[in-house]
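Here is the structure we will look at, set down as structure tokens.
Chain letters run A, B, ... following the sequence lines, proteins first, then strands; residues in each count from 1. Just so it is clear, the values below take in all heavy atoms, side chains as well, and ignore hydrogens, waters and symmetry mates.
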There are 2 protein chains.
Amino acid sequence: MDLPHLRYFLAVVDRGSIKAAAASAGVTEPSVSQGIRALEHELRTLLFRRIGRGMVPTSAGHALVGPARRLLRDIASAGGSVTDTDSRLRGQLTIQGRPRFSLGCHE
Amino acid sequence: MDLPHLRYFLAVVDRGSIKAAAASAGVTEPSVSQGIRALEHELRTLLFRRIGRGMVPTSAGHALVGPARRLLRDIASAGGSVTDTDSRLRGQLTIQGRPRFSLGCHE
DNA sequence: CTGCGTTACGGTTTGCGTAACGATC
DNA sequence: GATCGTTACGCAAACCGTAACGCAG
């Protein structure tokens, strides 16, 4: 599963059209269309119903919205956590030891 | 950020070595090594301290462990949510309308 | 000398953009 | 006719595996 594709998916859900989603994501329309297709193929489920020129989420599409939002939020959280930790001034003393003799104390 | 790379990262943290992590992930050692390098380059932070032949997580590495685990858990949750919704039998009537006349009611 | 991590290199996959087509209003 | 979504095609980037190197024990 590709993260950009998941971003495209949420953009389409929010904007309601591929054109607007592509513009907001900074890519072209075929990229979004193919990305949605890749997601649908990977999940083996139809995510949108093509009605006229609009994109309406199916029940599976609706089910994916929540987890997808949480996932992208966690991505930012993951990236931020390391930079926060790094910016905060702190020291660390790393001491690595290896057992020279095993005494039957295996984990 | 690539999901497989994040998986490699957690595998290295858990196993403590690249060789074991590669074996558990079903790939070869250079893939894991390059994946970790890619993560470190993208986050512009050193994730591991190379001590002898062991891999010890830095403070930034430790900070990434929690969010990374939650992220991979959410991935599975996202994939499962759509299949669960799909397997459950349910109907849906989609009615899509477009405003024919704008009356100053814009969101 | 053995084992582990890294680097170099080639192959393959695939995501993206440009261009052209079909469908809807 | 205008606009939106899709398909076709070519390119580029990136991931992975094989092979070779450096280094610690």
Side-chain angles (χ1 to χ4, degrees), chain A residues 1-44 46-58 61 68 72 75 94-102, chain B residues 1-44 46-58 61 68 72 75 94-102:
Chain A
M1 190 180 301
D2 236 11
L3 275 320
H5 291 176
L6 224 55
R7 258 181 265 271
Y8 300 162
F9 165 76
L10 286 181
V12 172
V13 170
D14 290 339
R15 310 283 173 139
S17 88
I18 286 194
K19 192 178 191 66
S24 80
V27 294
T28 56
E29 304 158 38
S31 302
V32 176
S33 182
Q34 290 173 15
I36 301 291
R37 276 264 198 261
L39 243 66
E40 290 180 332
H41 181 75
E42 184 176 357
L43 275 65
R44 259 173 290 281
L46 205 67
L47 255 34
F48 288 96
R49 200 151 309 216
R50 277 79 171 173
I51 295 187
R53 94 297 193 99
M55 302 288 283
V56 179
T58 64
L72 293 183
I75 279 277
T94 301
I95 301 178
Q96 185 188 26
R98 287 196 315 111
R100 287 190 148 306
F101 303 100
S102 281
Chain B
M1 190 179 304
D2 237 8
L3 276 319
H5 292 175
L6 225 55
R7 257 182 265 270
Y8 300 162
F9 165 76
L10 286 181
V12 172
V13 170
D14 290 339
R15 310 285 174 136
S17 88
I18 286 194
K19 191 177 189 65
S24 81
V27 294
T28 56
E29 305 159 38
S31 303
V32 177
S33 181
Q34 290 173 16
I36 301 291
R37 273 274 201 267
L39 243 65
E40 290 180 333
H41 181 75
E42 184 176 358
L43 275 65
R44 259 172 288 280
L46 204 67
L47 254 34
F48 287 96
R49 199 151 310 219
R50 278 79 171 171
I51 296 187
R53 92 274 211 103
M55 302 287 283
V56 179
T58 63
L72 292 183
I75 279 278
T94 301
I95 301 178
Q96 184 186 28
R98 288 196 316 112
R100 286 188 146 312
F101 304 99
S102 280

(message) So which atom in B:Phe48 and which in B:Ile36 form the shortest heavy-atom distance, rounded to 0.1 Å?
(response) CD1-CG2, 3.7 Å
(request) Check A:Glu42 against A:Met1 and note the closest heavy-atom contact, atom names and distance. (result) OE2-N, 3.0 Å
(message) Would you say B:His41 places a side-chain N or O within less than 4.0 Å of OP1 or OP2 belonging to D:dA14?
(response) no
(request) Please check the phosphate of D:dC23 (OP1 and OP2 only) for any side-chain N or O of B:Arg53 closer than 4.0 Å. (result) no
Rounded to whole angstrom units, what separation is found between the [atom1] atom of [X] and the [atom2] atom of [N]?
X       : N      : atom1 : atom2 : answer
A:Ile36 : C:dG15 : CD1   : P     : 13 Å
A:Arg7  : C:dC16 : CZ    : P     : 11 Å
B:Arg37 : D:dC15 : CZ    : P     : 14 Å
A:Arg49 : D:dG5  : CZ    : P     : 17 Å
A:Leu47 : D:dT6  : CG    : P     : 12 Å
B:Arg15 : C:dC4  : CZ    : P     : 15 Å
A:Lys19 : C:dC25 : NZ    : C1'   : 16 Å
A:Leu3  : C:dG15 : CG    : P     : 12 Å

(request) Check for a donor-acceptor pair, side chain of B:Glu40 on one end and backbone N or O of B:Leu47 on the other, with a separation under 3.5 Å. (result) yes
(message) Please check: side-chain N/O of A:Glu29 versus main-chain N/O of A:Ile18, any donor-acceptor pairing under 3.5 Å?
(response) no
(request) Note the angle between the end axes of the helix from C:dC1-D:dG25 to C:dC25-D:dG1, five pairs defining each, rounded to 10 degrees. (result) 30°
Please list, chain by chain and in numerical order, all residues satisfying side-chain contact (heavy atoms from CB on, under 4.5 Å) with [X], sequence neighbours excluded.
X       : answer
B:Asp14 : B:Arg69
B:Ser31 : B:Val27, B:Thr28
B:Arg15 : B:Ala20, B:Ser24
A:Leu72 : A:Leu3, A:Arg7, A:Leu10

(request) Tell me which nucleotide among D:dG5, C:dT6, C:dC16 gets nearest to the side chain of B:Ile18. (result) C:dT6
(request) Kindly point out which of D:dT6, C:dC16, C:dT6 is positioned nearest to the side chain of B:Arg50? (result) C:dT6
(request) Give the intermediate values and the outcome of side-chain contact (heavy atoms from CB on, under 4.5 Å) for residues A:Asp2 and B:Asp2. (result) CA-CA 8 Å; A:Asp2 236 11; B:Asp2 237 8; 4.3 Å; yes
(request) Give A:Tyr8 one of three labels, base, sugar-phosphate or nothing, depending on what nucleic acid heavy atoms sit under 4.0 Å from its own. (result) sugar-phosphate
(request) Can you sort out which residues in residues 27-35 of chain B have a heavy atom within less than 4.0 Å of DNA chain D? Ascending by number, please. (result) B:Val27, B:Thr28, B:Pro30, B:Ser31, B:Gln34
(message) With nearest nucleotide decided by heavy atoms, which residue, A:Ala38 or B:Ala20, maps closer to the 5′ end of DNA chain C?
(response) B:Ala20
